[in-house]
Amino acid sequence: MIAKVKTATFIDTLRFELLAPSHQSLKAVLRDDKGSVCSQFETIFIQEEPEITWKGLQDLPYGVYTLELSQGEEKIRLRLVKRV
């Protein structure tokens, strides 16, 4: 799984694209700079729609976050910033 975030900053919605998807369940975890889990979701990935939109992040405080994506045995971490 190779993922690409549309932009490294977000306000209330996060968009990312899987470039090498498989038909497994996708788990996404958003952690703050201290490593605490702030939000998470799990979905079955549909290959025909490679872009995933994660809504409802408006209540998170501003700052630096790590997006952890896992699909089967594959994992990737991406650094993000929530801004005003």
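Remark: Thr13 OG1 to Trp54 CH2 distance equals 11.5 Å, nearest 0.5 Å. In this structure, Glu42 CD and Ser25 OG are separated by 3.5 Å, a value rounded to the nearest 0.5 Å.
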Chi angles and distances behind the side-chain contact (heavy atoms from CB on, under 4.5 Å) call for Gln58, Ile11: CA-CA 6 Å; Gln58 65 274 4; Ile11 297 173; over 6 Å; no

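The residue from Val5, Leu78, Thr9 that alone fulfils the side-chain contact (heavy atoms from CB on, under 4.5 Å) condition with Leu14 is Val5. Only one option out of Thr66, Asp32, Val29 pairs with Cys38 in a side-chain contact (heavy atoms from CB on, under 4.5 Å); it is Asp32.
Clustering ILVMFWY residues whenever any of their side-chain heavy atoms sit less than 4.5 angstrom apart, transitively, puts Ile76 in a cluster other than the one holding Val64.
Inter-residue side-chain proximity for Val81 and Tyr62 is flagged as unmet; no heavy-atom pair is nearer than 4.5 Å. Taking 4.5 Å as the limit, every side-chain heavy atom of Gln71 sits out of range of all side-chain heavy atoms of Lys27. Taking 4.5 Å as the limit, every side-chain heavy atom of Leu67 sits out of range of all side-chain heavy atoms of Phe10. With contacts defined as side-chain heavy-atom distances shorter than 4.5 Å, the pair Leu57/Leu30 qualifies.
For the residue pair Leu80 and Thr7, the shortest heavy atom distance occurs at CD2-O, 4.2 Å. The shortest non-hydrogen separation linking Asp59 to Lys82 is N-NZ, 4.2 Å.
Listed by first and then second residue, the salt bridge (charged side-chain N to carboxylate O under 4.0 Å, His left out) pairs that reach into residues 63-73 are Arg31-Glu68, Glu68-Arg77, sequence neighbours excluded.
Using cut-offs of 30° and 60° on the angle between ring planes, the pair Phe41 and Phe16 is tilted.
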